[in-house]
Amino acid sequence: MDQKLKVGILGATGMVGQRFISLLEDHPWFEVVTVAASPRSAGKTYEEAVGDRWKMTTPMPEAVKNLVVLNVNEVEKVAATVDFMFSAVDMTKEEIKAIEEAYAKTETPVVSNNSAHRWTPDVPMVVPEINADHFEVIKDQKKRLGTTRGFIAVKPNCSIQSYAPCLAAWKEFGPKEVVATTYQAISGAGKTFKDWPEMVENIIPFIGGEEEKSEQEPLRVLGKVENGEIVKAELPKITCQCIRVPVLNGHTAAVFVNFEKKPTKEQLIEKLVNFKGFPQEAGLPSAPKHFIRYMEEENRPQVQLDVDYENGMGVSIGRLREDSMFDFKFVGLSHNTIRGAAGGAVLCAEALTAKGYIAKK
Ligand SMILES: NC(=O)c1ccc[n+]([C@@H]2O[C@H](COP(=O)([O-])OP(=O)(O)OC[C@H]3O[C@@H](n4cnc5c(N)ncnc54)[C@H](OP(=O)(O)O)[C@@H]3O)[C@@H](O)[C@H]2O)c1
């Protein structure tokens, strides 16, 4: 790319916003020129606004420290500074829906980490290895919004990334019933142990709204485009329990699956390790070389050892074995704020750029 695309981050001061900032440091295609957050932060430098809330293990990049934080609500002013936006604001669902559409209507593409538009029929919800073809609904969305280059694209919830890629890789065997339990890290709630000490040595058996997302969102990702809308897949039926556990980063899933055509364990592993999609074919900068790895050791994947596989963009699977009630069971692990949040959105933006949906204004 001759000239980097100028990008802004809505919600730049939060946990996911900070992850965007650190992932985009030295990005070959994108340069962060604008940071926006609530009116509480607006007018301060990024360094002042974040203060002691910096939660990344790497230092705050020098290039953003002195950027003056803009107010997310001043849409025209913020949009004028960038070619496209990432969205990671924490507002009400209705407010997020409205503000992301307002940005799109300024002819600024929005790649969002938020759930607000995940079920808007003409908004693609994409894991680029699985359903980059869903971006084709953007042309219908633009017609609805009356835009020529502005649109919204989203990525799915962090909880599904530890098992939904397997369901996609195993499509030809017809996964029909899935029972999953997710063990979810506290960074998924925007927290560290410092700001959530109650989570030390604790388990909380409830994460608001998460079970519905974990059951339904894989079906939309596995769905197809029909008449300008995404139509969700009917199978597999998924039931899920989501548990908060004392882990900083990394969502683990323990999963049981029944298939229409029962495969062998070897066939399943072969499909996992060879699964790839548009990011690998196009050589996108953030694409993991191997999206899914299979670990033979019976005590893997482990959060401490495996969460950073492929810079947090890969998925680790292990303990695949036949089950006494279901066909198979396995354990999956993915990084919730990288693959599951900011990294997944950056990969979507790279795919959108490679496909020509995002370009210089
Ligand atoms: N953490 C994860 O792993 C994860 C994964 C997937 C999705 N998400 C979703 O991503 C979003 C951000 O999550 P987070 O964990 O990064 O939250 P967070 O740490 O609480 O950050 C929230 C961000 O939104 C801004 N904000 C809050 N209220 C606002 C308002 N009324 N107007 C404008 N900006 C406002 C904050 O700005 P100030 O600093 O100025 O308050 C901050 O930049 C949420 O919708 C969350 O559900 C999170």
Side-chain angles (χ1 to χ4, degrees), residues 8-23 32 34-56 60 64 67-75 77-78 85-100 102-103 110-118 125 127 152 154-162 164 182 184-192 194-196 199 207-210 212-214 217 242 244-245 247-251 307 312 334-348:
I9 299 164
L10 304 175
T13 50
M15 170 75 108
V16 178
Q18 292 175 23
R19 186 62 82 180
F20 275 116
I21 296 280
S22 56
L23 288 176
V32 178
T34 296
V35 286
S38 78
R40 295 179 290 275
S41 301
K44 298 177 184 166
T45 65
Y46 184 70
E47 190 175 24
E48 282 165 358
V50 172
D52 63 1
R53 294 185 289 160
W54 183 253
K55 293 172 182 172
M56 303 296 106
M60 183 183 287
V64 297
L67 291 179
V68 174
V69 179
L70 302 183
N71 178 351
V72 162
N73 304 298
E74 293 181 5
V75 177
K77 182 175 165 186
V78 175
M85 303 289 324
F86 286 113
S87 172
V89 278
D90 198 6
M91 301 161 92
T92 67
K93 200 167 169 172
E94 288 316 310
E95 285 171 330
I96 294 175
K97 265 190 165 172
I99 205 140
E100 290 183 349
Y103 275 95
V110 178
V111 182
S112 178
N113 174 73
N114 292 305
S115 63
H117 276 293
R118 286 190 196 148
M125 177 168 75
V127 177
I152 301 160
V154 302
K155 52 149 285 298
N157 200 47
C158 49
S159 60
I160 78 164
Q161 325 274 343
S162 306
T182 59
Q184 300 193 198
I186 63 171
S187 57
K191 299 275 203 281
T192 62
K194 193 173 124 213
D195 20 76
W196 202 2
M199 272 311 297
I207 307 175
E210 206 75 352
E212 191 189 6
K213 291 175 190 167
S214 304
E217 290 188 11
C242 298
R244 187 75 72 195
V245 295
V247 160
L248 181 60
N249 291 308
H251 288 356
V307 73
S334 65
H335 197 303
N336 56 296
T337 63
I338 303 184
R339 172 51 79 162
V346 170
L347 193 62
C348 280

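Atoms within a ligand are numbered from 1 in the order they appear, just like the ligands themselves.
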Practice prompt. Report yes if G11 has an N/O atom closer than 3.5 Å to an N/O atom of ligand 1; otherwise report no.
Written response: yes
Discussion item. On a heavy-atom basis, I'd like to know which of I338, N114, N249, D90 is closest to atom 11 (C) of ligand 1.
Written reply: N114
Practice prompt. Report yes if the side chains of V247 and V307 come closer than 4.5 Å at any heavy-atom pair, otherwise no.
Written response: no
Item to complete: Classify the side-chain pair T182/Q184 by whether it contains a donor and acceptor separated by less than 3.5 Å.
Response: yes
Practice prompt. Using a strict cut-off of 4.0 Å, indicate which atoms of ligand 1 neighbour a heavy atom of V89.
Written response: 11 (C), 24 (O), 34 (N), 44 (C), 45 (O)
Worksheet item: With backbone taken as N, CA, C and O and side chain as the heavy atoms from C-beta onward, which portion of S187 lies under 4.0 Å from ligand 1: side chain, backbone, both, or neither?
Response: backbone
Item to complete: State, yes or no, whether a side-chain contact exists between V346 and F20 at a heavy-atom distance under 4.5 Å.
Response: yes
Worksheet item: For ligand 1, is there an N or O atom under 3.5 Å from any N or O atom of A189?
Response: no
Fill in: Shortest protein heavy-atom distance from atom 32 (N) of ligand 1, along with the residue and atom involved
M91 CE, 3.6 Å
Worksheet item: So do the side chains of M91 and N114 get within less than 4.5 Å of each other, counting heavy atoms only?
Response: no
Worksheet entry | Rounded distance [0.5 Å steps], CD in Q18 versus CD1 in I9 | 10.5 Å
Worksheet entry | Side-chain heavy-atom pair M15, M56 within 4.5 angstrom cut-off | yes
Worksheet item: Say you draw a straight line from NE2 of H251 to CZ of R244; how long is it, rounded to the nearest 0.5 Å?
Response: 6.0 Å
Worksheet item: Heavy-atom distance under 4.5 Å between the side chains of V127 and P156, does that happen here?
Response: yes
Worksheet item: Considering only heavy atoms of S41, which atoms of ligand 1 have at least one such atom less than 4.0 Å away?
Response: 38 (P), 39 (O), 40 (O)
Fill in: Within-4.5 Å side-chain heavy-atom neighbours: N336 and N249
yes
Item to complete: Could you find the nearest protein heavy atom to atom 12 (C) of ligand 1 and give me its residue, atom name and distance?
Response: A88 O, 3.1 Å
Discussion item. Within ligand 1, which atoms have a heavy atom of T337 less than 4.0 Å away?
Written reply: 3 (O)
Item to complete: Answer with side chain, backbone, both or neither: which part of A37 has a heavy atom less than 4.0 angstrom from an atom of ligand 1?
Response: both
Discussion item. Applying a heavy-atom cut-off of 4.0 Å, say which part of R53 lies close to ligand 1: side chain, backbone, both or neither.
Written reply: side chain
Practice prompt. Could you check atom 15 (O) of ligand 1 against the protein and tell me its nearest heavy-atom contact, residue, atom and distance included?
Written response: G190 CA, 3.3 Å
Item to complete: Name the option, out of T13, D195, I9, that contains the heavy atom nearest to atom 36 (C) of ligand 1.
Response: T13
Practice prompt. Check each of V50, N113, V16 against atom 14 (P) of ligand 1 and report the one with the nearest heavy atom.
Written response: V16
Practice prompt. Name the option, out of A341, G14, G17, that contains the heavy atom nearest to atom 21 (O) of ligand 1.
Written response: G14
Fill in: F86 vs V32 side-chain heavy atoms within contact, under 4.5 Å
no
Fill in: Protein contact for atom 45 (O) of ligand 1 (heavy atom, distance under 4.0 Å)
yes
Worksheet item: Considering only the protein, which heavy-atom contact is closest to atom 41 (O) of ligand 1, and what is its distance?
Response: R40 NH2, 2.7 Å
Worksheet item: Would you say H335 and R19 make side-chain contact, with heavy atoms under 4.5 Å?
Response: yes
Item to complete: Could you check atom 19 (O) of ligand 1 against the protein and tell me its nearest heavy-atom contact, residue, atom and distance included?
Response: M15 N, 2.8 Å
Worksheet entry | Any N or O of N73 closer than 3.5 Å to N or O of ligand 1 | no
Item to complete: Would you tell me whether T337 and S187 have side-chain atoms, one donor and one acceptor, within less than 3.5 Å of each other?
Response: no
Item to complete: Just need the protein heavy atom nearest to atom 33 (C) of ligand 1, so name the residue and atom and give the distance.
Response: S38 CA, 3.5 Å
